[in-house]
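Remarks on the structure that follows.
Whatever order the structure lists ligands and atoms in, that order sets their numbers, starting from 1. Because only heavy atoms are used, hydrogens play no part in the values below, and waters and symmetry mates are left out as well, while side chains stay in.
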Amino acid sequence: VSTRDDGDGAATVARWVESAGRVTVLTGAGISTDSGIPDFRGPQGVWTRDPQAQRLFTLSNYVGDPEIRRQAWSSRREHPAWTAQPNAAHLALVELERGGRLQALITQNIDGLHQRAGTSPQLVVEVHGSLFGVMCLTCSAHTPMAAALDRVAAGDPDPACLDCGGILKSATVSFGQSLVPEVLERARRAAVEAEVFLAVGSSLTVQPVAGLVRIAAAGGARVAIVNASPTPYDDLAEVVLREPVGIVLPRLVGALAG
Ligand SMILES: [Zn+2]
């Protein structure tokens, strides 16, 4: 069965979910744009329009240039995630969890909106980290972002680790920085074990996370992709939906029996 933009795909996926024990969802920036958080790699993405903006998020630049760090702290203070509210798509995934079949919600987003919507924190796998944490690049101490931003607000433009004096950075994965192996392994396992794998709002161009789709398909999962533009993995999916995420997910959850 191949269902593409015929309006019936959401119902098809709902039937899969009803008969599956283990559903894994992968979300990308496209699920948060309705909440006012810009995506980075889409047609109107921050990095698509301004490749120079990537410099702020490249680890070697961050470590080597205090001015880059000052800009990064400033942009963290102004990040829309501090005031953003979850949207209909985030809330639909909370409903999906209530049915008891969601085993993992893997997200490329750092905005915390799945947890804020009400998804159980233990189900959320933040493969690219979280804006709500800070990590010391020297001693690996983890501290809350709010405390570091308080120091920035108090006049320290580049706060250092209070334990060792090392450089602090948001607990997010920058360009040139590896994913946390334990987190990636957890995501990989959730893909292998999935009976239904639903990729939502991701361009599926960033590895190794995008490769989870192939891992899920190889493990026997039925794959559905919901994204505004084509992805490199569309051929692996039985259902591809290009309608807005905020319409498709509520429709899918609404089509579930009970
Ligand atoms: Zn430290």
Side-chain angles (χ1 to χ4, degrees), residues 26-29 32 35 37-41 46-47 50-84 104-116 119-190 206-212:
L26 166 66
T27 66
S32 290
S35 294
I37 299 189
D39 90 288
F40 289 95
R41 294 179 176 83
V46 174
W47 293 332
D50 178 16
Q52 284 299 309
Q54 285 199 22
R55 292 180 65 242
L56 271 185
F57 300 93
T58 300
L59 185 62
S60 56
N61 293 333
Y62 188 86
V63 170
D65 187 345
E67 179 53 32
I68 294 275
R69 293 200 292 279
R70 285 191 281 273
Q71 287 178 37
W73 283 112
S74 172
S75 81
R76 285 169 196 143
R77 286 184 74 190
E78 293 157 12
H79 200 287
W82 300 113
T83 52
L105 202 178
I106 303 162
T107 185
Q108 299 172 287
N109 301 335
I110 61 167
D111 56 38
L113 285 177
H114 288 302
Q115 296 93 322
R116 195 172 300 181
T119 293
S120 298
Q122 66 267 24
L123 293 186
V124 181
V125 184
E126 294 175 307
V127 282
H128 290 161
S130 168
L131 183 67
F132 293 79
V134 164
M135 199 184 83
C136 173
L137 295 178
T138 301
C139 75
S140 298
H142 273 265
T143 50
M145 176 61 79
L149 291 183
D150 284 347
R151 294 170 64 195
V152 177
D156 185 347
D158 179 22
C161 177
L162 293 172
D163 290 338
C164 78
I167 292 172
L168 296 182
K169 193 179 81 66
S170 59
T172 54
V173 177
S174 301
F175 290 106
Q177 192 174 20
S178 299
L179 276 66
V180 178
E182 296 79 15
V183 175
L184 182 60
E185 174 55 24
R186 198 178 153 209
R188 202 193 60 81
R189 201 165 55 241
V206 183
Q207 296 297 349
V209 176
L212 293 171

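The shortest heavy-atom contact between Ala187 and Val127 is CB-CG1, 3.9 Å.
A donor-acceptor contact shorter than 3.5 Å is absent between the side chain of Arg188 and the backbone of Leu212. At least one donor-acceptor pair under 3.5 Å links the side chain of Ser75 to the backbone N or O of Ala72. Under a 3.5 Å cut-off, the side chain of Thr107 and the backbone N or O of Asn109 do form a donor-acceptor pair. In terms of modelled atom types and a separation under 3.5 Å, the side chain of Ser130 and the main chain of Phe132 share a donor-acceptor contact.
The cationic group of Arg76 lies under 6.0 Å from the six-membered ring centre of Trp73 and within 45° of the ring axis, placing it in a cation-pi geometry.
Inspection of the environment of the Zn ion (ligand 1) yields the following protein N, O or S atoms under 2.8 Å: Cys136 SG, Cys139 SG, Cys161 SG, Cys164 SG.
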